[in-house]
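I'd like to ask some things about the structure below.
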Amino acid sequence: MYAVWPYIQTLLPSIGLLYLLYVILKHMMEGDRRERIAHAQWEQEQEELARKKQQGSSHS
């Protein structure tokens with residue numbers, strides 16, 4: 001019978017590193033996406049505060 005185990009042993013470290021790279025990149029991309037969303041929300045809040053402040057000073 002053809003022995004496959006040596007080939008699997010040879011490929012396992014590469015597959016493990018590839019999986020680890022995938023997990024790391026996935027978490028980095030997800031973190032970047034969340035950071036962009038949070039930054040956009042913060043900018044929107046700052047614009048709203050500036051608009052309210054400007055409206056408050058123009059009525060005085």
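Since the model is a prediction, treat every value here as computed from it, not as a measurement. Side chains included, hydrogens not; waters and symmetry mates left out as well; all remaining heavy atoms used.
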As an exercise, state the distance from NE2 of H39 to CD1 of I37, rounded to the nearest 0.5 Å. 13.0 Å
Tightest non-hydrogen contact, residues T10 and P13, listed as O-CD, 3.5 Å
Between E30 and K26, does at least one N-O distance fall below 4.0 Å, as a salt bridge requires? no
Does L12 share a hydrophobic cluster with Y7, counting links as ILVMFWY side-chain heavy atoms below 4.5 Å and allowing steps through other members? yes
If you round to the nearest 0.5 Å, how far is CG of L25 from CG of D32? 12.0 Å
From CD1 (I15) to CG (L20), nearest 0.5 Å: 14.0 Å
So how far is it from M28 CE to L21 CG, rounded to the nearest 0.5 Å? 9.5 Å
Return the CG to CD distance between L49 and Q44, rounded to the nearest 0.5 Å. 11.0 Å
How about E35: does its CD atom have over 12 heavy atoms from other parts shown lying under 6.0 Å from it? no
